[in-house]
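Written out below as structure tokens is the structure these notes cover.
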2 protein chains.
Amino acid sequence: MGTTQLETVPEPKYWHLKTVLGEALDSEFQVGEILPNERELAARFGVARATLRQALEQLELEGRLQRRRGVGTTVAPPRVGVDVSTARHRWPAAGDDSWQAVDCAAAEPPVAVLRLLDAESDAGTGGAAHADGPVYVVRRLRATQGQAVAAEQLYVPASSVPGLVVPGTQSGTALARRVLRELERLPLEGQDRAVELGSARADDAKELDRLPGAPVLVVTTRYLSGGRTAAVSVATYRADTCRLTFGDAGDLRIAS
Amino acid sequence: MGTTQLETVPEPKYWHLKTVLGEALDSEFQVGEILPNERELAARFGVARATLRQALEQLELEGRLQRRRGVGTTVAPPRVGVDVSTARHRWPAAGDDSWQAVDCAAAEPPVAVLRLLDAESDAGTGGAAHADGPVYVVRRLRATQGQAVAAEQLYVPASSVPGLVVPGTQSGTALARRVLRELERLPLEGQDRAVELGSARADDAKELDRLPGAPVLVVTTRYLSGGRTAAVSVATYRADTCRLTFGDAGDLRIAS
DNA sequence: CAGTGGTCTAGACCACTAG
DNA sequence: TAGTGGTCTAGACCACTGT
């Protein structure tokens with residue numbers, strides 16, 4: 001009783017809410033403007049806070065909202081187009097100032113990365129092209145317009161950078177730059193790339209100023225040199241704020 | 001009280017749950033195997049069902065689980081790699097049997113698409129290159145290994161297919177094929193592509209066998225011909241089951 | 001039909017941010 | 001310290017699937 005049950009289609013409340021809110025965002029709000037808090041919005045729409053939050057989550061997923069704990073919910077700017085095109089045979093460092101090397105250390109890569117590094121080795125031999133030796137993990141950060149948009153781990157087997165000399169103790173970021181410089185000496189023959197949805201690991205989330213588990217676009221790149229996989233990059237892009245572009249002709253310019 | 005509060009770091013329960021479940025999936029379950037139902041799992045871990053669901057949602061987002069109402073929760077197979085590489089200057093139809101034309105009708109595209117279609121027109125003129133005329137919307141479905149992985153709307157301004165003759169009433173799928181055939185007559189000069197996260201619209205969701213709002217990867221492609229945007233494709237890929245590949249050298253073969 | 005996941009409620013407390 | 005979003009609970013009912 002009380003509920004008029006106006007439609008035969010029981011469209012979920014949060015879905016309808018999302019639509020209504022989305023239209024309101026278009027017509028009544030400016031980018032950066034702060035919305036009423038969740039408790040008030042829920043009351044205003046006559047729903048529980050959890051239901052309201054379900055709608056907000058979707059809008060945030062679509063990049064229309066930005067929520068920050070302790071602050072509030074704001075209207076997000078349009079997603080920034082981030083170029084991830086397979087720039088004609090270039091190493092990840094070459095002439096790209098949007099990436100900033102942060103750290104580097106020898107470490108054991110996850111098995112998924114190991115499989116990529118060994119991808120060209122004969123299945124029968126079992127063993128390894130270069131996965132047995134140490135692998136340098138270079139951590140880099142990508143920023144666009146002052147905003148951190150991606151965190152990357154670049155896995156470089158020591159066998160790919162034979163010319164590298166490692167002095168005893170050296171700052172991680174200096175080592176990172178040296179590994180990248182050595183890498184550029186190899187002839188780059190091609191690259192593989194894949195994009196999939198993931199959720200941010202705790203460390204990546206912190207660098208991207210998001211909570212752990214935040215939705216991210218994971219770009220995996222395999223750099224090929226000498227018939228082998230010379231390096232593997234796993235880059236984690238904020239899915240809420242980024243649109244990955246692969247243009248022959250640059251941006252898609254969705255906004256203006 | 002009763003809670004031993006074992007850690008100084010108040011890691012969220014659902015996050016810890018997700019980790020535990022994820023490890024269990026690796027070691028104790030087979031692909032396709034069905035998990036205990038949510039009420040039992042929640043009881044077993046001593047949490048509320050909503051909390052358990054938060055963990056399951058994340059695992060589903062990462063493509064590790066598949067949940068179907070009325071059926072249960074199953075262990076998902078590894079994501080399938082779907083090639084979306086900018087195949088050397090090919091129209092969306094050419095020699096690709098993974099796409100199946102479904103329907104076609106003249107319709108008004110969303111404003112975002114209109115902006116793309118007019119992208120090359122002079123900003124000052126305001127008006128339009130060809131957005132004023134009718135626009136054909138071809139709907140297609142992409143299947144891989146018997147599974148629907150993507151739903152596409154291909155926007156083709158009538159001015160891009162001047163040779164097209166439209167008989168009075170014609171089946172939508174036949175019209176779709178004719179539009180595509182006409183399109184192939186144009187010289188394709190290049191294409192722009194962008195990938196971003198979205199949530200499935202109701203109609204796409206139905207064709208992808210998902211609920212509305214399900215996370216999807218939206219691939220927007222702009223086909224360039226004669227210095228103009230001859231067509232725009234908006235393809236919606238299931239984010240849970242798909243990994244988009246852009247290989248020079250084919251798949252990344254994460255699995256085996 | 002019984003059993004599943006999906007939606008929704010009305011609370012409570014916590015972690016974080018900013019004044 | 002006040003106010004925000006984030007987490008969590010213990011229920012309830014609904015929509016869908018298979019038998």
Side-chain angles (χ1 to χ4, degrees), chain A residues 1-3 5 7-18 21 33-43 45-61 65-76 199-200 202 205-206 209-215 240, chain B residues 1-3 5 7-18 21 33-43 45-61 65-76 199-200 202 205-206 209-215 240:
Chain A
M1 47 182 173
T3 62
Q5 189 180 346
E7 300 297 334
T8 59
V9 235
E11 188 183 50
K13 277 191 188 176
Y14 77 90
W15 186 260
H16 183 241
L17 249 186
K18 179 195 140 184
L21 280 170
E33 199 173 342
I34 184 166
L35 267 62
N37 72 54
E38 296 184 348
R39 289 160 180 88
E40 180 176 336
L41 276 179
F45 285 104
V47 299
R49 191 178 153 220
T51 305
L52 187 267
R53 276 179 62 80
Q54 222 174 329
L56 294 184
E57 259 150 41
Q58 288 241 353
L59 289 169
E60 191 179 31
L61 198 80
L65 287 182
Q66 190 155 350
R67 298 190 287 173
R68 272 174 303 170
R69 170 158 46 178
V71 179
T73 302
T74 56
V75 181
S199 46
K206 212 177 72 180
D209 192 31
R210 299 259 61 196
L211 290 179
D240 54 344
Chain B
M1 45 180 172
T3 62
Q5 187 179 344
E7 301 298 336
T8 59
V9 236
E11 188 182 49
K13 278 191 188 177
Y14 78 90
W15 185 261
H16 182 241
L17 250 185
K18 178 195 142 184
L21 280 170
E33 200 174 340
I34 184 167
L35 267 62
N37 71 55
E38 295 183 349
R39 289 160 180 87
E40 181 177 337
L41 276 179
F45 286 104
V47 299
R49 194 179 152 218
T51 305
L52 186 268
R53 276 179 62 80
Q54 222 175 329
L56 293 184
E57 260 151 41
Q58 288 240 354
L59 288 169
E60 191 180 31
L61 199 81
L65 288 181
Q66 190 154 353
R67 299 190 287 174
R68 271 174 306 169
R69 170 158 45 176
V71 179
T73 302
T74 56
V75 182
S199 46
K206 213 176 73 179
D209 192 31
R210 299 259 61 194
L211 289 178
D240 54 345

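So you know, we letter chains A, B, ... as the sequences are listed, proteins then strands, and number each from 1.
Pairing each heavy atom of B:Thr51 with each of B:Leu17, the nearest pair is O-CD1, 4.3 Å. The nearest pair of heavy atoms linking A:Pro215 to A:Leu61 is CG-CD1, 3.7 Å. What you find for A:Lys18 and B:Ser199 is that their closest heavy atoms are NZ-OG, 3.3 Å. Between A:Pro212 and B:Trp15 the shortest heavy-atom distance is C-CZ3, 3.5 Å. Of all non-hydrogen atoms in B:Glu60 and B:Leu65, the two that sit nearest each other are CG-O, 3.4 Å. Nearest heavy-atom pair across B:Ala55 and B:Leu21 is CB-CD1, 4.4 Å.
Heavy-atom nearest nucleotides on DNA chain C were determined for A:Gln54 and for A:Arg49, and the one closer to the 5' end corresponds to A:Gln54. Nearer the 5' end of DNA chain C, as judged by each residue's closest nucleotide, is the contact made by B:Leu35, out of B:Leu35 and A:Ala48. Sequence order on DNA chain D of the closest nucleotides to A:Glu60 and A:Gly70 puts A:Gly70 first from the 5' end.
Heavy atoms of A:Arg53 sit under 4.0 angstrom from at least one base atom. Among the protein residues, A:Leu56 comes within range of no part of the nucleic acid, since none of its heavy atoms lies under 4.0 Å from any strand. Within the nucleic acid shown, B:Arg39 comes within 4.0 Å of at least one base atom, counting heavy atoms only.
Spacing between atom CD of B:Glu38 and atom C1' of D:dA15 amounts to 14 Å, rounded to whole angstrom units. Between the CG atom of B:Asp209 and the P atom of D:dC16 there is a distance of 13 Å, given to the nearest Å. The separation between A:Glu40 atom CD and D:dG3 atom P is 13 Å, rounded to whole Å.
Atom CZ of B:Arg68 and atom CD1 of B:Ile34 lie 8.5 Å apart (nearest 0.5 Å).
With a cutoff of under 4.0 Å to any heavy atom of chain B, the contacted region of DNA chain C is bounded 5' to 3' by C:dG3 to C:dA15.
With contacts defined as side-chain heavy-atom distances shorter than 4.5 Å, the pair A:Pro12/A:Gln54 does not qualify.
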| From CA spacing to verdict: side chain to side chain contact (heavy atoms under 4.5 Å, CB included), B:Arg67, B:Glu57 | CA-CA 9 Å; B:Arg67 299 190 287 174; B:Glu57 260 151 41; 3.1 Å; yes
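Listed by first residue number, the stems of DNA chain C with at least three Watson-Crick or G-U pairs below 3.5 Å are C:1-18 with D:1-18.
At D:dG3, none of the side-chain N or O atoms of A:Asn37 fall inside 4.0 Å of OP1 or OP2 (strictly under the cut-off).
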